[in-house]
Amino acid sequence: MNDLATPVKAHRKIRLGLKETLARGLSLETVWVFMAIALPIIALLGPKLSTIDLAYQIRAGQIMLDSHRLLTKDVFTFTAAGTPWLNQQWGAQVIFAAVFRAGGWPLLTSMRALLAGCIYSFVFLACRSCGLSPKKAAILTLGSFAVSFGGLILRPQLLGLTLFALVLWLLVKRVEHPSWTWAIPFVVFVWANVHGSFFLGPLLLGLAYLEDRYERRPSRGAGIVALVSILAANLNPFGYRVWLYALGIPRNPVIANTIVEWRPPSVRSVLGFLFFLSAAAVYTLLARQGRRVPWPSLLTLVIFFFIGLFAVRGIFWWALVAPVVVASQLDSSPASSPANRGLPALNWALVLIVVMIGAASLPWWRTARGDGRLLDHAPVALTEALRGVPGEERMFNPQIWGSWFELALPERKAFVDPRIEVFSESIWHDYDAVSAASTSWQSILDRWSIQVVVASWRQQRQLIGALHNAHGWRLIYEDRDGAIFSRFASG
């Protein structure tokens with residue numbers, strides 16, 4: 001009888017607890033916490049997936065899943081065919097390919113949203129672990145989301161941001177649970193196999209070590225864990241060379257001159273404006289505390305501010321670390337007055353509205369007319385037309401579509417794709433000359449024996465005009481995205 005009575009009592013207790021919660025209503029603080037996690041998730045369900053850095057990652061992962069071998073040479077293009085490729089992001093590629101096979105573009109869209117939820121959950125937990133109230137921690141988390149929103153693109157970097165936020169939280173918890181820091185070498189090991197930002201893990205550990213020394217805390221082992229993490233990063237198919245890759249990408253002149261994200265931020269862009277605004281907000285919040293900020297905290301802010309100042313991509317790391325540093329310096333003394341519960345019915349209504357918006361935003365509702373409604377930089381109709389074009393497998397293509405074609409039309413070889421570092425400067429010179437329809441564009445196509453040209457209205461309008469008027473080329477297909485031209489034999 002006792003064995004049967006126990007579950008019944010437990011069920012009654014849970015039911016009474018739920019009734020009590022419903023009677024009291026949701027507190028305003030709980031709503032703040034809910035919004036800090038739910039809004040990033042919902043915001044990432046809506047935007048289209050950019051295929052520029054994703055589609056070729058999926059294709060590479062598919063190849064590795066099918067062949068059970070690491071992809072270390074270029075197999076996508078004819079301009080760099082067989083060129084060694086330090087494929088440091090191989091782990092992310094396998095993950096993306098596996099998710100794509102399991103649920104296609106809708107599941108990848110959901111994955112992006114869930115990763116965003118994980119990132120800001122860790123940021124929130126880190127701020128709470130610094131002693132802040134749930135409301136203040138939620139406000140800082142939402143500020144972090146606002147500044148870093150532009151970086152939440154589904155690509156290996158999003159996995160890196162998730163692991164970065166996890167390390168931040170583990171380091172804040174080290175005061176309570178010193179042994180938790182020993183999870184970080186494993187995190188760095190995974191990180192070094194999915195994205196080149198892995199070196200930020202040991203950097204955070206080094207800064208934590210300096211903070212422990214400054215606070216004269218008993219040894220928390222951050223310095224030793226940092227050394228172990230550096231060693232763990234070498235546990236990958238390329239060994240120590242991943243460090244050369246990670247540090248060499250930002251210094252590549254072609255990347256710096258080609259990719260906007262690798263240029264310094266400007267107040268004239270939304271991302272740049274939010275970055276500088278957030279830096280001013282951090283300065284104001286710390287100045288209002290009226291007390292000296294420890295130099296390790298200032299050093300952390302300065303380092304990540306300059307990472308953001310170096311390139312737009314660096315803004316996203318700043319946006320995650322700054323709220324946690326600020327949280328550690330804000331007054332965390334408990335309030336003497338009871339928490340403001342607001343209007344319980346209104347709180348419930350707000351939460352339910354957000355949940356309904358999230359349900360309505362699920363990507364599966366948008367696939368009735370095809371997956372193209374979920375994708376950006378994916379000219380679906382043009383791709384179908386290209387599928388039926390006979391002739392050589394080589395084609396000249398817009399760089400922004402190279403990744404998409406490598407997944408959608410693997411039988412055709414692209415001229416270039418988003419892997420800027422794989423191609424020599426001379427190849428990029430040829431690409432720019434043809435795209436701009438310079439005087440040498442036809443001789444370059446002849447030299448590469450290219451029979452098919454795919455051009456984008458957005459990036460290669462001059463080339464489309466030149467092909468329309470050029471002898472030996474005929475228009476195969478044209479729409480609002482671009483056009484396809486093919487050579488025909490003269491005489």
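These numbers come from a predicted model, not from an experiment.
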Test side-chain contact (heavy atoms from CB on, under 4.5 Å) on Glu211 and Thr300 and set out the steps. CA-CA 10 Å; Glu211 183 183 12; Thr300 301; over 6 Å; no

Give, for atom CG of Leu158 and atom CG of Leu163, the distance between the pair rounded to the nearest 0.5 Å. 10.0 Å

Check: His195 and Leu159 side chains under 4.5 Å, non-hydrogen atoms: no

Looking at every non-hydrogen atom in both residues, tell me the closest pair between Pro379 and Thr383 and how far apart they are. O-OG1, 2.6 Å

Go through it in stages, so that I can follow the logic: the residues are Leu301 and Trp318, the test is side-chain contact (heavy atoms from CB on, under 4.5 Å), and I'd like the CA-CA distance, side-chain angles, deciding distance and then a yes or no. CA-CA 8 Å; Leu301 290 173; Trp318 156 266; 4.0 Å; yes

Considering residues, nucleotides and ligands other than Arg458, do more than 12 of their heavy atoms fall under 6.0 Å from its CZ? no

Taking atom CD1 of Ile119 and atom CG of Leu161, what is their separation to the nearest 0.5 Å? 5.0 Å

Does Arg291 reach the main-chain N or O of Gln329 with its side chain, forming a donor-acceptor pair under 3.5 Å? yes

Is the positively charged end of Arg480 above the ring of Trp457, judged by distance under 6.0 angstrom from the centroid and angle within 45° of the axis? no

Nearest heavy-atom pair of Tyr477 and Ala381: which atoms, and what distance? OH-CB, 3.4 Å

If we check ring-ring contact (aromatic ring centres under 6.0 Å, His included) with Phe305, which of these qualifies: Trp317, Phe275, Phe310, Tyr283? Phe275

Would a 4.5 Å heavy-atom cut-off, applied to side chains only, mark Leu350 and Asn347 as touching? no

Tyr245 vs Gln89 side-chain heavy atoms within contact, under 4.5 Å: yes

Keeping the roles fixed (side chain from Ser27, backbone from Thr30), state whether a donor-acceptor pair exists under 3.5 Å. yes

Decide yes or no on side-chain contact (heavy atoms from CB on, under 4.5 Å) for Phe122 and Val172, but give the supporting numbers first. CA-CA 10 Å; Phe122 290 135; Val172 173; over 6 Å; no

Under the side-chain hydrogen bond (donor to acceptor under 3.5 Å, both in side chains) rule, what do Ser456 and Trp401 come out as? Steps first, then yes or no, please. CA-CA 9 Å; Ser456 159; Trp401 293 346; 5.3 Å; no

Do other residues, nucleotides or ligands put more than 12 heavy atoms under 6.0 Å from Phe100 CZ? yes

Between Met35 and Pro40 the two heavy atoms that sit nearest each other are O-CD, 3.8 Å

Do the non-hydrogen side-chain atoms of Pro185 and Val225 ever get within less than 4.5 Å of each other? yes

Only counting residues at least two apart or in another chain, list the ones meeting side-chain contact (heavy atoms from CB on, under 4.5 Å) with Ala311. Trp262

Side-chain contact test, heavy atoms from C-beta onward, threshold under 4.5 Å: evaluate it for Gln62 versus Leu407 and give yes or no. yes

How far apart are the C-alpha atoms of Glu176 and Arg128, what are their side-chain angles, what is the distance that settles it, and do they pass the salt bridge (charged side-chain N to carboxylate O under 4.0 Å, His left out) test? CA-CA 13 Å; Glu176 258 182 273; Arg128 284 286 287 137; over 6 Å; no

What I'd like to find out is whether the side chain of Leu204 reaches to under 4.5 Å of the side chain of Val321, using heavy atoms alone. yes

Please check if the side chain of Ser110 supplies one atom and the backbone of Pro106 the other of a donor-acceptor pair under 3.5 Å. yes

Output yes when Arg101 and Asp66 qualify as a salt bridge under the 4.0 Å nitrogen-oxygen rule, no when they do not. yes

Taking the side chain as every heavy atom from C-beta outward, state whether Phe276 and Ile315 have any pair of such atoms under 4.5 Å apart. no

Taken to the nearest 0.5 Å, the spacing of Thr181 OG1 from Asp212 CG works out to 9.0 Å

Going through the distances and angles, do Gln157 and Ser197 end up as a side-chain hydrogen bond (donor to acceptor under 3.5 Å, both in side chains)? CA-CA 8 Å; Gln157 179 174 285; Ser197 57; over 6 Å; no

Does Lys136 come within less than 4.0 Å of Glu29, counting only side-chain N to carboxylate O? no

Residue pair Trp243, Asn234: steps toward the side-chain hydrogen bond (donor to acceptor under 3.5 Å, both in side chains) verdict: CA-CA 8 Å; Trp243 293 90; Asn234 295 298; 3.1 Å; yes

Nearest non-hydrogen partners of Pro237 and Leu70, listed with the distance: CB-CD2, 3.3 Å

Check: Thr141 side chain, Ala137 main-chain N or O, donor-acceptor pair, under 3.5 Å: yes

Looking only at heavy atoms, which two atoms of Arg112 and Leu49 are closest? And how far apart? NH1-CD2, 3.7 Å

What one should report as the nearest heavy-atom pair of Gln93 and Gln57 is CG-OE1, 2.7 Å

side-chain contact (heavy atoms from CB on, under 4.5 Å) involving Ile42 - partner list, sequence neighbours excluded: Val354, Ile357, Ser361

Can you tell if the side chain of Glu478 reaches within under 4.5 Å of the side chain of Ile484, non-hydrogen atoms only? no

Would you give the length of the straight line joining atom CG of Asn87 to atom CZ of Arg419, rounded to the nearest 0.5 angstrom? 8.5 Å

Which is it for Phe273 and Arg268 under the side-chain contact (heavy atoms from CB on, under 4.5 Å) test, yes or no, and what are the steps along the way? CA-CA 7 Å; Phe273 176 78; Arg268 291 188 293 272; over 6 Å; no

What's the spacing between Cys118 SG and Ile37 CD1 if we round to 0.5 Å? 9.5 Å

Tyr120/Phe34 aromatic ring centres below 6.0 Å: no

Under 6.0 Å between ring centres, would you say that holds for Trp180 and Trp169? yes

Would you check if the side chain of Asn236 reaches a backbone N or O of Ala192 as a donor-acceptor pair within less than 3.5 Å? no

Look only at the side chain of Glu261 and the backbone of Arg313, and say whether a donor-acceptor pair between them is shorter than 3.5 Å. no

To the nearest 0.5 Å, atom CG of Leu166 lies from atom CG of Leu320 at 12.0 Å

Using modelled atom types only, decide if a donor and an acceptor are shared between the side chain of Thr51 and the backbone of His377 within a distance under 3.5 Å. yes

Main-chain N/O of Ala319 paired to Ser148 side chain as donor or acceptor, under 3.5 Å: no

With sequence neighbours excluded, tell me which residues meet side-chain contact (heavy atoms from CB on, under 4.5 Å) with Pro418. Ile52, Asp53, Tyr56, Gln399, Ser403

Sub-6.0 Å ring centroid separation between Phe149 and Phe145: yes

Checking Ser121 side chain against Gly117 main chain: does a donor-acceptor pair fall under 3.5 Å? yes

